[in-house]
Each structure stands twice: as structure tokens, then as C-alpha cells.
Amino acid sequence: KYPEAIASAQRYTTLHPGTKDAALAHHIIASANFDEIRDPSRDQTATRKALAELKTIVQRYPDSPYGRQAVNRIRLAEDALAASEMSIGRYYQQRNNQVGAINRYKVVVTEYQTTPHVEEALYRLAETNMVLGIVPEAQTAAAILGHNYPNSEWYGRAFALLKSGGVSPQ
């Protein structure tokens, strides 16, 4: 009964925002949404709601018993959102919508920097920009990839891709 739990907890936080049990109410909202997180190929509305509530817990109640768990769950929610963006980006790229793919990959690089999806997103940025003929952007993405992940398989692929185009990461 997640919707009922969320509604009750939201009602409590509205009526009693400063009480000691407000942290628990926020935890209930976050947990109910977190438990509804689905596969990255599905709608991520619950993930976004969970992430917002988890950030509220960390910001308002960092010393509460729910703070540490919220930090870990934030990482998982961000990873799910980054995976979803990558999935959509790959879908666009496969259908030759390079601009749509670039926009999705940029979201991963800018908003989900702590996820493991950043390496592939940087490579895909280099790849899609090369397809569009925007060589300086491709070089920049590959250079960032090489600087942050020098031993990455994705960097090796990006370097080879740029070399085949007669350029190098800059």
C-alpha cells in the first residue's frame, strides 16, 4: 500500500514539519518510492521522487538514523537514472538520431558524475560527435575520458576512433 503510506507521511510532514518524527515520515516516503524503482528501460518517475526525498533526508536530517541509508540509496537511484539515460541515448543512436543521443549522454556526464556510466557516456559523446562531423567536441570528450579514466576500455575505443578519423584527443 505504497500510495497510502506516501499520502499519510506527506500529510504528517505538512502538519508537523519540525517534529522529531518528521525524519521518519520522509524516510517512509523515500522508501515507498525507492521500492517502486524498476528496470532502467521503464518509467523512472518513482526513482526521481525517491531521489528528491532521499536528498531531503540527507539535507534536513543528516544525523538521523535514516541519513546513512539515504546516502547509499541516493547512489543507487542516481545509478538507475544514469542507466535509463544511457539506454535512451543508445536507442536514439541506433536510430541515427545523434543529437537526441548526445543530449542524453550529456545528462549522464553532467548530472550523474559519480556513476560508472560516465565512462561509456563520454565515449558515446565522442562517437556521436564524430558521426556528425563535430570533431572538436569529439576530441574534448575523448580527452576528458582519457584524463579521468586513462586505463579504461572506453578510452581505448575513443582513442582508436579518433585515430581512424585522423585526429587525437585534445
Rounded at 0.5 Å granularity, tell me how far [atom1] in [X] sits from [atom2] in [Y].
{"X": "Ile37", "Y": "Arg42", "atom1": "CD1", "atom2": "CZ", "result": "14.5 Å"}
{"X": "Ile29", "Y": "Ile6", "atom1": "CD1", "atom2": "CD1", "result": "7.5 Å"}
{"X": "Lys106", "Y": "Thr128", "atom1": "NZ", "atom2": "OG1", "result": "9.0 Å"}
{"X": "Ile102", "Y": "Ile134", "atom1": "CD1", "atom2": "CD1", "result": "5.5 Å"}
{"X": "Leu76", "Y": "Thr47", "atom1": "CG", "atom2": "OG1", "result": "10.5 Å"}
{"X": "Glu120", "Y": "Leu145", "atom1": "CD", "atom2": "CG", "result": "11.0 Å"}

Is a side-chain N or O of [X] found less than 3.5 angstrom from the main chain of [Y], in a donor-acceptor match?
{"X": "Gln44", "Y": "Asp39", "answer": "yes"}
{"X": "Ser84", "Y": "Ala80", "answer": "no"}
{"X": "Gln139", "Y": "Ser168", "answer": "yes"}

Does the side chain of [X] reach to within under 4.5 Å of the side chain of [Y], using non-hydrogen atoms?
{"X": "Asn33", "Y": "Thr45", "answer": "no"}
{"X": "Arg124", "Y": "Met86", "answer": "yes"}
{"X": "Val108", "Y": "Leu122", "answer": "no"}
{"X": "Ile74", "Y": "Lys55", "answer": "yes"}
{"X": "Val107", "Y": "Asn103", "answer": "no"}
{"X": "Val58", "Y": "Val71", "answer": "yes"}

Looking only at the side chains, is there a donor atom on one of [X] and [Y] sitting less than 3.5 Å from an acceptor on the other?
{"X": "His16", "Y": "Asp21", "value": "no"}
{"X": "Gln93", "Y": "Glu127", "value": "yes"}
{"X": "Arg73", "Y": "Ser31", "value": "yes"}
{"X": "Glu78", "Y": "Thr115", "value": "no"}
{"X": "Arg90", "Y": "Ser87", "value": "no"}

Using side-chain hydrogen bond (donor to acceptor under 3.5 Å, both in side chains), reason through Ser8 and Arg11 one step at a time and then give a plain yes or no.
CA-CA 5 Å; Ser8 295; Arg11 200 169 30 258; 3.3 Å; yes
Among the clusters formed by ILVMFWY side chains lying less than 4.5 Å apart, do Leu132 and Tyr105 turn up in the same one?
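The answer is yes; both residues are in one hydrophobic cluster.
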Are Tyr112 and Tyr123 connected in the hydrophobic side-chain network, where two residues link if heavy atoms are under 4.5 Å apart?
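The answer is no; the residues belong to distinct hydrophobic clusters.
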Closest non-hydrogen atom pair, [X] against [Y]:
{"X": "Val109", "Y": "Ala121", "answer": "CG2-CB, 3.8 Å"}
{"X": "Gly89", "Y": "Ala101", "answer": "O-CB, 3.3 Å"}
{"X": "Ala70", "Y": "Ile57", "answer": "CB-CG2, 3.9 Å"}
{"X": "Pro17", "Y": "Tyr61", "answer": "O-OH, 3.8 Å"}
{"X": "Ala22", "Y": "Thr13", "answer": "O-CG2, 4.2 Å"}
{"X": "Ala138", "Y": "Ala126", "answer": "CB-O, 3.4 Å"}

Which residue, Arg68, Gln69, Arg75, forms the side-chain hydrogen bond (donor to acceptor under 3.5 Å, both in side chains) with Asn72?
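Exactly one option meets the side-chain hydrogen bond (donor to acceptor under 3.5 Å, both in side chains) with Asn72, and it is Arg75.
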What do the steps show when you test Val99 against Tyr92 for side chain to side chain contact (heavy atoms under 4.5 Å, CB included), and what is the final call?
CA-CA 8 Å; Val99 175; Tyr92 285 152; over 6 Å; no
Counting only heavy atoms from other residues, nucleotides and ligands, does the tally under 6.0 Å from CD of Glu4 exceed 12?
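Yes, the 6.0 Å shell around CD holds more than 12 heavy atoms from other groups.
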So does Tyr2 have more than 12 non-hydrogen atoms from other groups sitting under 6.0 Å from OH?
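Yes, the 6.0 Å shell around OH holds more than 12 heavy atoms from other groups.
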Salt bridge Glu53-Lys49, side-chain N to carboxylate O under 4.0 Å:
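Salt bridge flag = no for Lys49 with Glu53.
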Do His26 and Tyr66 have ring centroids that are under 6.0 Å from one another?
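No, the ring centres sit 6.0 Å or more apart.
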